[in-house]
Every structure is written in structure tokens, then in C-alpha cells.
Number of protein chains: 2
Amino acid sequence: MKERPTLEEVARRAGVGRGTVSRVINGSPRASEQARAAVNAAIAELGYIPNRAARSLVTRRTDSVALVVPESEERFFTEPFFGRVVRGVSAGLRDSEVQLLLAIAQDRRRLGHYLTRQHVDGVILLSLHGEDPLPGELESRGVPAVLIGRPLTTPAAYVDADNAGGARLAVEHLAASGRRRIGILAGPQDMAVGVARLAGATEALAAAGLPADLVAYGDFSEASGAAALRELLDTAPDLDAVFAASDPMAAGALRVLRSLGRAVPGDVAVAGFDDSVIAEHADPPLTSVHQPVEAMGTAAVRLLLDRIAGTAPDRPAVVLDTHLTIRQST
Amino acid sequence: MKERPTLEEVARRAGVGRGTVSRVINGSPRASEQARAAVNAAIAELGYIPNRAARSLVTRRTDSVALVVPESEERFFTEPFFGRVVRGVSAGLRDSEVQLLLAIAQDRRRLGHYLTRQHVDGVILLSLHGEDPLPGELESRGVPAVLIGRPLTTPAAYVDADNAGGARLAVEHLAASGRRRIGILAGPQDMAVGVARLAGATEALAAAGLPADLVAYGDFSEASGAAALRELLDTAPDLDAVFAASDPMAAGALRVLRSLGRAVPGDVAVAGFDDSVIAEHADPPLTSVHQPVEAMGTAAVRLLLDRIAGTAPDRPAVVLDTHLTIRQST
DNA sequence: TTGAAAGCGATACCAG
DNA sequence: CTGGTATCGCTTTCAA
């Protein structure tokens with residue numbers, strides 16, 4: 001377990017002063033080629049690695065950002081969404097010397113206490129519900145924050161998928177394939193995603209000259225999707241297509257249709273949202289709106305790093321395109 | 001953006017020396033009740049938070065552990081497994097002041113370079129394949145490592161689910177419900193999980209006095225499960241149950257059975273492994289072996305923290321129980 | 001039990 | 001362009 005060399009030893013080995021070594025390491029232009037070469041040689045030879053703690057102590061930067069996830073949102077952990085975001089965030093950090101800290105927020109108070117400039121340079125917040133006071137608190141303490149998922153009302157920097165656009169794509173696809181009685185299984189309207197997906201679907205119906213009279217609400221769960229579809233079938237037995245605001249809701253719809261003996265897509269076409277493993281393994285496999293989750297994570301870090309560097313607008317938003325993955329259910 | 005107070009200011013406010021403040025903060029017994037009270041009051045009043053960098057600089061500990069995930073294993077990110085592990089690890093760290101660093105390993109060399117005592121106190125490694133040289137490298141450099149998932153051959157500290165036991169449970173369940181021609185859709189035999197699940201299944205067959213002649217192999221994927229089942233049906237058209245080493249494989253089997261018009265569970269019972277969202281949403285919902293993934297994460301940190309503290313055996317292993325979630329497919 | 005003083009390893013400013 | 005020096009905020013002797 002050999003001890004790591006310090007900057008001072010590098011300086012001695014290279015026959016230069018500590019200042020010079022530091023300049024070379026941090027890519028300062030004020031260093032002669034000669035010095036640069038000597039220092040780099042010494043670094044390579046000694047296997048020198050700068051001590052983050054020491055650096056952080058004087059620069060007052062931590063070179064780390066936190067990804068904060070509310071512990072209460074069990075969905076995050078049992079759905080692939082979380083992993084994909086993490087992967088995207090990590091990819092965005094790849095070439096940047098910045099570390100990713102994971103903060104699963106058990107206790108909001110304690111977390112707010114912890115997330116200071118002393119510990120992180122910035123924060124990415126994974127939030128489902130729009131009404132989180134945390135980003136505001138952070139910003140007011142000088143800690144840049146970026147949300148993944150648009151907040152419902154609170155203004156903040158965020159990255160999101162084009163949920164409305166995705167819903168539009170799906171409904172357009174249903175209409176284009178000749179469906180005329182298209183039902184919408186909408187998500188909860190106290191979340192931005194729920195609102196946006198319904199809005200997009202409604203728009204597409206209007207554009208196709210179809211009525212938007214068949215709307216029922218759920219909470220994104222399978223059971224709620226099943227219930228919502230039953231509700232729609234009560235008023236419109238002639239329904240020939242369904243757009244669900246989530247894949248589990250679509251799966252619930254499939255279940256109901258099967259139990260009723262209605263063929264999919266023969267009698268009723270079904271489209272979901274998220275292009276998740278559920279869509280892929282459903283019977284029949286579900287046409288579903290695909291979100292670029294990894295890209296959202298990457299965009300979020302990029303935005304955050306820009307904000308930390310002070311080179312980003314104060315409250316920027318990035319909205320990424322979705323596309324439709326077409327499978328056998330439509 | 002108020003500046004955080006330093007320890008020195010706390011000392012001044014409390015009317016004691018810096019040494020005393022430090023002792024109180026770190027719970028040293030060598031501090032009078034009086035001093036303790038004064039210091040704590042000052043800390044509360046000033047909102048003091050110790051500076052990790054400064055502390056780390058002198059203690060030579062980082063108070064952080066890394067969770068390392070091979071980037072190449074796309075499975076990790078698109079399956080809930082990853083999120084659940086993260087959640088468990090995070091829960092294990094909850095009361096410990098230790099931070100969780102996420103390292104998605106793009107480049108093994110660079111990562112090995114990075115993971116020194118200077119940056120982390122220890123490492124948790126999420127590895128699918130058994131042949132990872134990283135843990136060994138780390139240990140030899142004095143960085144404690146704990147694997148999640150038993151390595152195939154390399155000796156190392158690890159936490160794992162009782163894969164063999166889980167497979168045994170599933171096959172026992174099939175046999176107990178009167179099935180006599182039970183096929184095994186095994187996973188790849190170059191992974192410890194694949195080996196263990198097949199071993200457990202075989203054991204259970206033997207214990208039930210049934211032959212273990214119906215075994216076909218796959219790679220855990222849906223397609224491979226479908227292919228493997230077709231293979232078994234060729235030689236044993238009278239097959240009346242299948243145990244698959246993964247849920248996707250089981251889903252593949254369901255698909256084949258459906259296309260052949262065989263009823264599940266009427267004609268053939270099907271059991272999977274992982275109790276994933278796929279099992280839950282399959283048609284019919286799959287009986288599947290449940291692994292305590294969160295608990296594995298928690299156990300892994302606990303083990304790691306013990307090793308860091310030097311209070312754990314040198315190469316300990318923790319194996320956690322699985323259970324069977326029974327659904328309609330059996 | 002306590003305070004004072006000496007570092008931990010880096011950066012940043014300074015004069016040269 | 002360069003080397004020395006002060007400094008970041010904390011822990012840890014050491015002497016009192």
C-alpha cells in the first residue's frame with residue numbers, strides 16, 4: 001500500500017517550484033514548454049494524483065454534484081427510468097472531473113441542511129411532483145439546481161421530455177390508421193406530465209377533427225388504467241382506440257379488453273407512454289411513446305455545469321423530443 | 001448567500017479553544033459537560049457545518065464510498081435491479097455521514113486509477129460476471145471492496161441472494177402442485193447466477209424423485225427463453241411445467257406456449273426468477289422467485305463499513321434468502 | 001480537561 | 001515565466 005506522492009515531491013523530482021507544478025496541472029498558459037515537460041514526466045514517473053480534499057479546501061469548490069431523489073417516490077427505484085437518468089447524468093460527467101453524489105432524500109430538512117456550497121457545486125433534482133420547495137431553497141443559498149421533469153408551477157431550471165408532443169404523436173398515429181372513437185386514459189392532473197400528455201392528446205384529436213369527449217383519469221397505475229377504460233366503455237361501447245398516459249395504464253386497458261373478448265388491435269388499438277419493459281413484453285407488445293431519458297440526464301448535467309460556470313441563462317429550460325415506438329397493439 | 005461559519009468562530013462564540021470544539025463534535029469523552037453544552041449551543045446558534053474537505057485532508061479519510069457499475073452492462077440500467085440496489089445502499093448509509101459516490105465505469109483502467117484511498121474509503125461493485133479483476137486490484141492497494149453478486153471463481157467479499165435456494169423453492173412449488181414433466185430454462189453457465197439457479201432447480205427435481213433431463217440453456221433474454229422452450233418441447237411434448245432462470249425467459253416461454261395454444265397454467269405451469277415488473281404484468285402474471293435486492297444493497301454497505309473499520313473478517317460472504325411470489329401462472 | 005501550535009496538500013498571490 | 005509564502009478549516013499532538 002504505497003503512499004501517494006504529493007505535489008511537493010513532484011516539484012522536487014522535476015526540479016521546479018510548487019507553483020510551476022500547480023500551473024502545469026491546471027493547464028495554465030503561464031508555463032514554459034520546458035517546465036511543462038519536466039513536470040509531466042515527474043507526474044507520470046511518480047504516479048501522482050492530486051488530493052481533492054486539499055484542492056477543494058482552497059478553491060472552495062467541491063467538484064461534485066448531487067443527484068437528489070425523493071426516497072418516498074418508490075416508482076423511481078422500481079422503474080427503469082431512474083437507472084437511465086443516472087446513466088445519462090453519469091455520461092454527461094464523463095470528461096469533467098466532476099463526481100456524482102447520490103442523495104436519496106429521506107428527510108427533506110436534513111437534506112436541505114446538507115446541500116450547501118460547502119458540499120456540492122450544484123444539484124440535479126429528480127422530481128415527479130411539481131411543488132418542490134427544495135430547488136428554490138437551494139438557489140436562494142447560491143446552490144445551482146436543475147430539475148429533471150418540469151415543475152408544475154414553481155419556476156426553475158429544468159430538463160424535460162416533450163410530453164405533449166409525444167402524446168400528440170401517439171394520437172395522430174391512431175387517427176391516421178383510421179380510428180375514429182379514440183379514448184384517452186389520462187394521468188393525474190396535479191402533475192405536469194399528466195397535464196401535458198392530456199393536452200397533447202386533446203390537441204391531436206382536435207387537429208384530426210375528432211371529439212375529445214372520451215377522457216377518463218387515473219394515477220398512472222395498471223389498476224387505474226383498467227378502471228378508466230371500463231368507465232369509457234360504459235359511455236362509448238363503440239370505442240376503437242385508446243391512448244394511455246403510461247404503459248401500466250395501457251397494460252390495464254389490455255387486460256380489460258382481453259377479458260371482454262375485444263381483439264387488439266383488431267377491435268381496439270392501444271398506445272401507451274414510456275416505451276418501457278412493460279410495453280415491450282405486453283401481449284400484444286404495445287406501441288408507446290419513447291422518451292430520451294438518458295439524454296435528459298446528460299442535458300441536465302450540461303445545464304448544471306453551465307450554471308455553475310455562470311455561462312447559462314438564469315432559468316433555462318431544455319425540452320427534448322420524443323418519438324413513437326410502433327409495435328403490434330396499433 | 002451567507003458564508004458558513006468555521007470551527008474557529010464556534011470556538012470563539014462558545015468561549016473555548018478549537019481543540020475543545022473538535023472534541024465535542026467528534027464525541028470524544030475528554031470534554032466536560034459544561035464545555036459540551038457551550039459548544040453545542042454555539043453550533044446550533046451559528047448553524048455550523050464542518051468542512052468535509054478540511055477534515056478529510058487531515059484524517060486521510062474521505063467519508064465516501066463508491067458504487068461501481070460497469071457501463072457496458074446495459075441491463076443494469078434498464079432493469080429495476082439497479083435502482084433497488086442503489087436504494088438499499090443508500091439506506092445503509094443513512095445514519096453514517098458517509099457519502100455515496102456513483103462511478104459508472106466507462107474505462108476500467110481509468111477507474112482503477114481513480115479508486116484510491118485518496119478518493120474513496122471503500123468500493124461496492126455491482127458485477128454480473130464473475131471474472132472481474134478490479135476487486136483484487138483494489139484490495140491489493142488497500143481499498144476494501146465488496147461485490148454484489150457472487151463472483152464465479154475469484155475470491156472476494158460479497159453479498160448475494162440465495163439463487164440456488166430460490167430455484168429450489170420454485171421447482172418444489174411446481175412439483176408440489178403435481179407437475180411431473182418439469183423443464184428447466186437455464187441461464188448462461190459462465191455466470192455464478194446461472195450456475196446456482198440451475199443447481200438449485202436440479203436439486204429440487206432430485207428431491208422430488210423427478211428426472212432432470214429437460215434442461216435447455218439461454219442468456220436470460222426473452223428470445224433465448226422462447227428458443228429454449230421450443231427445444232424442450234421437441235424432445236418432450238408432454239412437458240407440464242417450466243422453471244425459467246429469469247423473468248424474461250419465462251415471458252418468452254409464455255409467448256411460445258400461447259402460440260401453440262397450450263393453456264397456462266392449465267396445460268403447462270410457468271415460474272420465473274426475479275419477481276420483476278415483467279412477471280407482474282405478464283399474461284397470466286408469473287409466479288417468480290423474489291430477491292431481496294434492497295437488503296442486499298444494505299448488507300453490502302454494512303459489510304463494507306465494517307471492513308473499512310477493520311471489524312469484519314477478511315473475506316466474508318453474506319447470502320440472503322429469497323422467497324416465492326405466487327401468481328396465476330402456476 | 002484544556003488551549004496553543006503544528007501540520008494535512010493543494011492554490012494563489014507576490015515580488016523577482 | 002518563476003519560486004516562495006500565506007492560507008484554506010480541520011484534527012491532533014503536547015504541555016499545562
Side-chain angles (χ1 to χ4, degrees), chain A residues 2-40 42-43 46-64 97-99 114 116-121, chain B residues 2-40 42-43 46-64 97-99 114 116-121:
Chain A
K2 63 174 185 292
E3 284 302 318
R4 287 280 162 189
T6 69
L7 181 145
E8 174 155 20
E9 300 176 58
V10 172
R12 217 164 16 231
R13 186 76 190 70
V16 299
R18 288 130 62 109
T20 301
V21 174
S22 182
R23 265 164 293 216
V24 171
I25 290 175
N26 296 295
S28 158
R30 315 191 291 125
S32 66
E33 269 315 315
Q34 199 178 10
R36 205 176 295 276
V39 169
N40 283 327
I43 287 179
L46 270 45
Y48 169 74
I49 300 178
N51 183 315
R52 282 183 98 91
R55 175 182 288 176
S56 173
L57 185 55
V58 43
T59 60
R60 293 161 169 297
R61 278 179 298 102
T62 62
D63 290 322
S64 66
E97 293 283 279
V98 174
Q99 291 188 338
Y114 174 80
T116 60
R117 285 276 284 279
Q118 227 169 94
H119 298 195
V120 294
D121 294 343
Chain B
K2 63 173 186 293
E3 285 302 317
R4 287 280 161 192
T6 69
L7 182 145
E8 174 155 22
E9 300 177 58
V10 172
R12 215 163 18 230
R13 185 76 190 72
V16 300
R18 288 130 60 110
T20 301
V21 175
S22 183
R23 261 159 262 167
V24 170
I25 289 174
N26 296 297
S28 157
R30 314 190 292 121
S32 66
E33 269 315 315
Q34 199 178 9
R36 206 175 294 276
V39 169
N40 283 328
I43 287 179
L46 270 45
Y48 170 73
I49 300 178
N51 182 315
R52 282 183 98 93
R55 174 180 290 174
S56 174
L57 185 55
V58 43
T59 59
R60 292 159 170 300
R61 279 179 298 101
T62 63
D63 289 322
S64 65
E97 293 282 280
V98 174
Q99 291 188 339
Y114 174 80
T116 60
R117 285 279 281 280
Q118 224 169 98
H119 300 266
V120 295
D121 294 343

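Treat the numbers as computed from the prediction; the structure is a model and nothing was measured. Labels below follow one simple rule: chain letters A, B, ... track the order of the sequence lines, proteins then strands, and each chain is numbered from 1. Scope of the values below: all heavy atoms of this structure, side chains included, with no hydrogens, waters or symmetry mates.
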Would you say A:Arg55's side chain and A:Asn51's backbone share a donor-acceptor pair under 3.5 angstrom? no

Please tell me which of B:Val58 and B:Glu33 maps to the more 5' nucleotide of DNA chain C, matching each residue to the nucleotide holding its nearest heavy atom. B:Glu33

Could you state the CZ-P distance from B:Arg18 to C:dG3, rounded to the nearest angstrom? 12 Å

B:Asn26 CG - D:dT12 P separation (whole Å): 7 Å

Within less than 4.0 Å of OP1 or OP2 of C:dA12, is there a side-chain N or O belonging to A:Ser22? no

For the side chain of A:Ala54, starting at C-beta, report the closest nucleotide among C:dT11, D:dG9, C:dA10. C:dA10

State whether A:Thr20 places a side-chain N or O below 4.0 Å from either non-bridging phosphate oxygen (OP1 or OP2) of D:dG3. yes

Flag side-chain contact, heavy atom, 4.5 Å: A:Arg18 against A:Glu8: yes

Side-chain donor/acceptor of B:Arg60 to base of C:dG9, under 3.5 Å: no

What is the distance from NE2 of B:His119 to P of C:dA10, rounded to the nearest Å? 10 Å

Polar pair under 3.5 Å, donor/acceptor by atom type, side chain A:Arg52, base C:dG9: no

Rounded distance (Å) that lies between atom C1' of D:dC8 and atom CZ of A:Arg117: 16 Å

Look at the side chain of B:Val16 and decide which nucleotide, out of D:dC10, C:dG3, C:dA10, has an atom nearest to it. C:dG3

Interatomic distance, A:Asp63 CG vs C:dA10 P [rounded to whole Å]: 14 Å

Of B:Ile25 and A:Gln34, whose nearest nucleotide on DNA chain D comes first from the 5' end? A:Gln34

Take atom CZ of A:Arg23 and atom P of C:dA10, then tell me their distance rounded to the nearest Å. 15 Å

Atom pair CZ (A:Arg12) and CG (A:Leu7), whose distance is rounded to the nearest 0.5 Å: 11.0 Å

Across the strands shown, which category fits B:Ala35 at heavy-atom distances under 4.0 angstrom: base, sugar-phosphate, nothing? sugar-phosphate

Would you mind reporting whether A:Glu97 and A:Asp63 have side-chain heavy atoms less than 4.5 Å apart? no

Base, sugar-phosphate alone, or nothing: which one does B:Ala31 contact when heavy atoms must sit under 4.0 Å apart? sugar-phosphate

With the side chain defined as heavy atoms from C-beta on, B:Ser32 is closest, among C:dT2, D:dC10, C:dT11, to C:dT2

Whole-Å gap separating C1' (D:dT11) and CD (B:Glu8): 14 Å

If you measure from NE2 on A:His119 to CD1 on B:Ile49, what distance do you get to the nearest 0.5 Å? 5.5 Å

Take atom CZ of A:Arg55 and atom C1' of D:dC10, then tell me their distance rounded to the nearest Å. 20 Å

